[in-house]
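The basis for the numbers below is simple: all heavy atoms, side chains too, and nothing from hydrogens, waters or symmetry mates. The sequence lines fix the lettering, A, B, ..., with proteins before strands; numbering per chain opens at 1.
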Amino acid sequence: MMMMNAQPETPNYKQTLQLPETTFPMRAGATVREPEIQAFWEEHDVYKQVLAQRSIANKFVLHDGPPYLSSENIHIGTALNKILKDIVIRFKNLQGFYTPYVPGYDGHGLPIEAAVEKKIKGGRKAVSPLELREKCRAFAHGNLKGQETNFKRLGISGHWESPYLTIDGDFEARQIELFAEMVKKGYVYKGLKPVHWCPVSESAMAEAEIEYADVESHSIHVLFPLKNLEKAYGSPLSPEQATLLTDASILIWTTTPWTLPSNVALAVHPSFEYTVLQTEAFGKIVVATDRLEPIEKLLKQEKSPTKLGTLKGIDLAGLQANHPFTEGKKSVVLNALFVTLDAGTGIVHIAPGHGPDDFQAVQTLNREHLKHAPLPILSPIDGRGLFMAEPFVPEAVQGQFYEKANWVILDILKAQNALVHHYLFTHSYPHSWRAKTPVIFRATEQWFINVDAFRQTALSEIQGVEWIPERGQTRISTMVANRAEWCISRQRLWGVPIPAFYTPDGQTHLTPEITALVAQLFREETSDAWVKYPTPETLIPRLQAILPTWETLPARQKTGFSVQQLEVALAPLLAHPLDSLRKEEDVMDVWFDSGVTHTTVVEARKELLGDLPAELYLEGSDQHRGWFQSSLLTSVMLREKAPYKAVLTHGFVLDENGRKMSKSLGNVVDPNTVIKEYGADVLRLWVASVDFTNDVRIGKGALKQLADIYRKIRNTLRFLLGNLAGFTPATDALPYESLSSLDKYVLHRVALVSEKITQAFAAYEFHKFYQLVQNLCVVELSSLYFDIVKDILYCNAKTDTVRLGVQTVLYEVLLVLSRLIIPVMPHLAEDLWSHWPENQRPNFGFESPPVSILMAPWPEIPAQWKLAPTDAKAFEALLSLRETVNVALEDARSKDLIGSALEAAIIIQPLSADWDFLRAMQETELETLFLVSQVHLQQEADPKAVFGRYAVLAEQEVDGEYRVFAVQAAGKKCDRCWQYCETVGQFTDHPTICHRCHQAV
RNA sequence: GGGCUAUUAGCUCAGUUGGUUAGAGCGCACCCCUGAUAAGGGUGAGGUCCGGUGUUCGAGUCACCGAUGGCCCA
């Protein structure tokens, strides 16, 4: 009233409205705000507080697969992986699980060693092994810092102050202890295996150190005569086959004559057909039928050779040919699928000491058919590439460099009439990138894990694990069933040393007792100690120096070994002069490092992480061959159990066209760039938006859309908060029964969506969350409820019960929605919480509102929110009617007859009995629902006759169900609520407002 | 070359045991509002369901062949 006197002419009614009011900004300002929020979490140690709320008895441990420390920046695939893990962990935690997360890093291996080497002036020779290892260590630690910063910026929560690291001394120590345990259990053996070898540097080469260059090679076709037709295995030949093959020779093709002395087998494809030819110069020869044409040309006969008959590759398997020049040596015919018909004769010369395929084939043959008389892996070449004096090596070749030996072998073959054809040709051949000279495959002594010893246990353990998606089970089962022995030694520097000693009598010493001492050394000095004390003469005294303190060390407790036991174990070494001892120089495969984290990390931190198995491993699908498998195998060796209950895999990140990202294509999406432009929550929302069980895409367009959705969600929250200004839940909230049918319907929808979102998270179907939350904000809330309820919120009196009812709903929705988004968008949720007025903050079961919303429990929906199906249906019918009304209004709008819907009134004529309920409804309720000024229900045949005084602006009919007419609204526009009403002008004190507003003012 | 896998509107996803005219949100176009305002509302246009063949009264859905992309091997 006092205000009235001040402005009697044109009162500013806007000031009498309750417009939204909040400090929660519309724009995220993520670049600034997200780091602030992260600092807030750190300051209040929210991660630890949240963890402390839960009991380890109810654990859900996601064990982190360690990313490799080759770079200080992460790529988008790593971001996807870590965000997925964080979503899972946050959801499980909100649901009440104890969810500690210890991030890990993988730090040994060739890529780091090579990267470090590249940076050293003068190459690796310029530094000592110890210096190189120290540089590798420093490099890895530096990259760890960088990656950690990246991960934290993504909003990943976890034990950042104590991550695990495969290059930590403690880790390395535990790792060799486990290895010694496996040795003791008999799972480990030493054997030969071909590796890339550079005769110039006299060292093994990794795949990554190989480059290809053209080189001139020999192409030769060589005969292996079949002298007797007795098979080494398999079903014997039929009499017809025997006749056909009598005195025949098998023809092979090779480009490396020098590998012929090491031949032990010949490979044929089981399903190819082979023909026996009668030739003029070489008698009967066997070749693949599909290679006949080129072979006939080589023979240079005047007449085509006679074809005597054919037989299948599978029938040839088991035959034993004579070696072309080594007296008494057999060459067993085996079946292999890698045999092709692109070149050669369809029969492949097999020298398992000089080719990985060959090695594989012979290993398989030995395992399947020749267990009791396995074929040997012959490797007569020394480190310099010279032939050694082995009995199966012709004397003329011994001492020769392998390349030179080619010519000698050609002469021998000619002398034996075994050489059918020879010429020189140029082709691409592997070279050492360092020496720029050709490399060869050379079998060297390696450490192996005998997978056969526990393959069946591993396979049955796979059955007991939950694989998500299910196809992962097939994938890993096939791989484990078919995989070869695990070669775990590497001729490298940057890795965990294999802690073996050799005595001059040829004995290998690798015992748990000696290893316990080495492990203690590693704990004190890291595994760099293995090269810091480079010989047994220095190393063993260092180990002995541990003995006097042994009883006081934690290792004593753990291993149970007494000093006496250790001394006994050392005795066989000390029985020899120290300078006659040798120590192993090989290191372990990095897959072994990460493969034992179930024990070196999960078990080692039992108090924090609880008992094995871990609840979940979550990595890219490439890890079926990698980490999932190495972890399974080592765990089965150690305890005959899988280390995980469930394994979740995700696909790879591709560009927006579904192509692989590469620098050369210029389509790489960098997570840090995305964060700078949109913030971590938008990137996290991207992760939640895609079906990650397959490959996923990301690109500029996708991110723009994600940003739009993020803004929609943010604005929805902002509307909720803004319209709760002045609302005190404790005193103002109304009981459910007092709410309007629209209010109840919205709660019903929220209940359903919330339930589905919970299910989606539990099933790891995050894209469903994305779809659901988007639809909730856009459809149910923004365009339906908010749009309708705005009038009530703004125009009704502050304490009006209808208005309080709406605010009650807004408050409840805010409570639910703000928590549903936490797993995916924790920054947004926290930002909201920080702008949430004190008197409106719920306690969430605590004594007072928690400092962070991350500490809140997952929302639980009151059962009464869900409407009976009939009630929900009735309301949905009204909503479909609302759509028809909108079409009519749009029609009128397009004819330029109205602008705002409030300029119109709606006349509805129900035509079928389905709409009887409508006849009983309050017209004012419909006005609210349709956002028009008036609604009239009319049952007369011709509504136009009754409402003749109004011009019909538009009409719509839905198939005999009802008709809708849009007409000009009656009365004048109220200055305050903008609705048209016939009461406007009736009040002398407020001549420009309607009766409703008159009451409110 | 082998194993596993995917392909539905511009984008991200739905699509029950084969069954009317294949859905949603975003984006887009047009319009409205200017009291959620670097917001909000309405209406509408977008699909050779990767291609082919087959099974069937009927195929996005089942079978076979193929194309393209991806992972792991060779």
> What's the closest nucleotide to the side chain of S900(A) if the choices are rC72(B), rA36(B), rC33(B)?
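Closest nucleotide among those given: rC33(B).
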
> Strictly below 4.0 Å, N to O, side chains only: are E780(A) and R749(A) in salt-bridge contact?
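Yes, E780(A) and R749(A) are salt-bridged.
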
> Counting distance alone, no hydrogens or angles: does the base of rU12(B) have a donor or acceptor under 3.5 Å from a partner atom on the side chain of Q771(A)?
yes

> If you check the Y794(A) side chain, which of rA36(B), rC71(B), rG42(B) turns out closest?
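Of the options given, the side chain of Y794(A) lies nearest rA36(B).
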
> Rounded to the nearest angstrom, tell me the gap between atom CZ in R625(A) and atom C1' in rU5(B).
16 Å

> Hey, are R33(A) and D831(A) close enough for a salt bridge, meaning a charged N less than 4.0 Å from a carboxylate O?
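Yes, charged N to carboxylate O under 4.0 Å.
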
> Identify which nucleotide among rC26(B), rA36(B), rG42(B) has an atom closest to any side-chain atom of P20(A), counting heavy atoms from C-beta outward.
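Of the candidates, rA36(B) comes closest.
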
> Please confirm whether the backbone N or O of I698(A) pairs with a side-chain atom of W686(A), one donor and one acceptor, at under 3.5 Å?
no

> Taking any strand in view, what nucleotide pairs with rG35(B) in a Watson-Crick or G-U wobble way, both distances under 3.5 Å?
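Partner of rG35(B): none found under 3.5 Å.
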
> Give a yes or no on whether a donor-acceptor pair under 3.5 Å exists between the nucleobase atoms of rA36(B), that is its base, and the side chain of S782(A).
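Side chain to base: pair found, below 3.5 Å.
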
> Could you check whether D622(A) pairs with R625(A) (Lys NZ or Arg NE/NH1/NH2 to Asp/Glu carboxylate O, under 4.0 Å)?
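Looking at R625(A) together with D622(A), the answer is no, because their closest N to O distance does not fall below 4.0 Å.
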
> Just how far, in rounded Å, is P of rU7(B) from CG of N657(A)?
17 Å

> Can you check the K768(A) NZ to rG15(B) C1' distance for me, whole Å?
12 Å

